[in-house]
Q: 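First, the structure itself, so that you have it in front of you.
No hydrogens, no waters, no symmetry mates; every other heavy atom, side chains included, goes into these values. Counting convention: from 1, in listed order, for ligands and their atoms alike.
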Amino acid sequence: MTAAVQPQRVFDPYEVRQEFPALNQEVNGKPLVYLDNAATSQKPEAVLQAMMHYYRFDNANVHRAAHTLSDRATRSFEQARLKVRSWLNAASPNEIIWTRGTTEAINLVAQSYGRSHLKAGDEIIISGMEHHSNIVPWQLVAQQTGALIKVIPVRENGTLDMDAYRQLLSERTKLVAVVHASNALGTINPVKEIIRLARQAGAVTLIDGAQASAHLRVDVQDLDCDFYALSGHKMFGPTGIGVLYGRESLLSIMPPWQAGGEMIDRVSFDTTTFNDLPFKFEAGTPAISQAIGFGAALDYLSQFNWEDIMAHEHKLLDRARELSQEIPGIRVMGDSENKVALLSFVVEGIHPSDFGTLLDHQGIAVRTGHHCCMPLMDQLAIPGTTRASFAFYNTLEDVEALFRAIQKIQKMFV
Ligand code: 7TS
């Protein structure tokens, strides 16, 4: 098993940002201030190099041919899986399934576990702050099985109503699927407690870790979740690769989801037997360079002490909160104490989509709109927000540039 890389490097955001080529450019004549990390993060040179190395020297399909390149490709690809196992502290590499991202990981659970285990009248609990990726797959499986969806309400301050959650739980609850950190509000949900209560009720749990995994150290055994989904591209790795962590005892009883090469053991026209875990859930040629690139991203992150990264991100969030209170006309959505470094806000009198364009003119990249959380926006009674989402390579100067730009735009509208 690959040994985890020990943190050995002092974390310095100014030094780190030099290693992300895309950050060092001008946009619209201004130095780029990249604050759209919740949509996707930038990639360090080490990730780009690892992917290039694979294509330049080792390009071959995995788990197939008896030649040297295929052997090298297979080894790098499987090493990346071991790095994920170690990063998440999963009990075994059999519990690490490659997917295209969080969305595919959730769909896999819905269609494999959900479709084979849920029946009419069973209940699936999600929350009111879910991304569409953790709503729609459950709606499809509910239609297919007759199961019902129940929703944990979101309180005024952007946190989950845990009392309501306790009341929703019953012997009918078969699955609880909740986001770890909200992409629209930043709220970090008390997932450990959510999982504990779900297990007490006999329900299986899935945590949508798309956002949390870029900001928090996640230990799936400590959380005691059954499934955890994440996307490589939000963790400084490439697009097209993600992970479903699944408890082996569940994965082993789940039927295959997609079918084709790689996931089989023996095929005849009469009957087919399936490959062992994790390959049973990986039909077809996988995203080889992306898995290798994601492994390089985890190596990159492993250099640092995560407490230093979290302390830095907290500083960015605190400063952003402070400035948002100093400037009149800004309403921040969600003020949970426990938040990842993300500020979602509305500016009085200016539509979010205009705001995004005007910020872009000043070199500042944010996302505006509903952030794929339409039900949450409906509850907040707004069409959308402007969202500044930070990563560890952002600096206090980036936060200040954002608020200077906001004030400049506000002046244009008076
Ligand atoms: N769940 C959450 C909480 C997310 O934030 C996202 C993507 C997904 C699931 C889906 O991830 P994917 O990699 O499979 O697409 N969120 C965003 C966002 O906030 N802006 O762009 C994508």
Q: Are any protein N/O atoms closer than 3.5 Å to the N/O atoms of ligand 1? If there are, list each pair with names and the distance to one decimal place.
A:
unit_1	atom_1	unit_2	atom_2	d
ligand 1	1 (N)	Asp208	OD1	3.2
ligand 1	1 (N)	Asp208	OD2	2.5
ligand 1	5 (O)	Gln211	NE2	2.7
ligand 1	13 (O)	Ser231	OG	2.7
ligand 1	13 (O)	His233	NE2	2.7
ligand 1	14 (O)	Thr102	N	3.4
ligand 1	14 (O)	Thr103	N	2.9
ligand 1	14 (O)	Thr103	OG1	2.6
ligand 1	16 (N)	His131	NE2	3.4
ligand 1	16 (N)	Lys234	NZ	3.0
ligand 1	19 (O)	Asn183	ND2	2.8
ligand 1	19 (O)	Arg387	NH1	2.6
ligand 1	19 (O)	Arg387	NH2	3.4
ligand 1	20 (N)	Arg367	NH1	2.5
ligand 1	20 (N)	Arg387	NH2	3.3
ligand 1	21 (O)	Arg367	NH1	2.8

Q: In a check of side chain to side chain contact (heavy atoms under 4.5 Å, CB included) between Asp208 and each of Asn189, Val178, Val179, which one passes?
A: Val179
Q: For residues 336-370, which residue pairs pass the ring-ring contact (aromatic ring centres under 6.0 Å, His included) check, not counting sequence neighbours?
A: His132-His370
Q: Considering non-hydrogen atoms only, spot the tightest contact between Cys373 and Asn183 and give its length.
A: SG-OD1, 3.2 Å
Q: Going by the side-chain hydrogen bond (donor to acceptor under 3.5 Å, both in side chains) test, which pairs reach into residues 334-347, not counting sequence neighbours?
A: Ser344-Thr385
Q: Specify the closest pair of heavy atoms between Ser116 and Pro255, including all atoms of both residues, with the distance to one decimal.
A: OG-CD, 3.5 Å
Q: Who are the ring-ring contact (aromatic ring centres under 6.0 Å, His included) partners of Phe304, not counting sequence neighbours?
A: Phe11, Tyr300
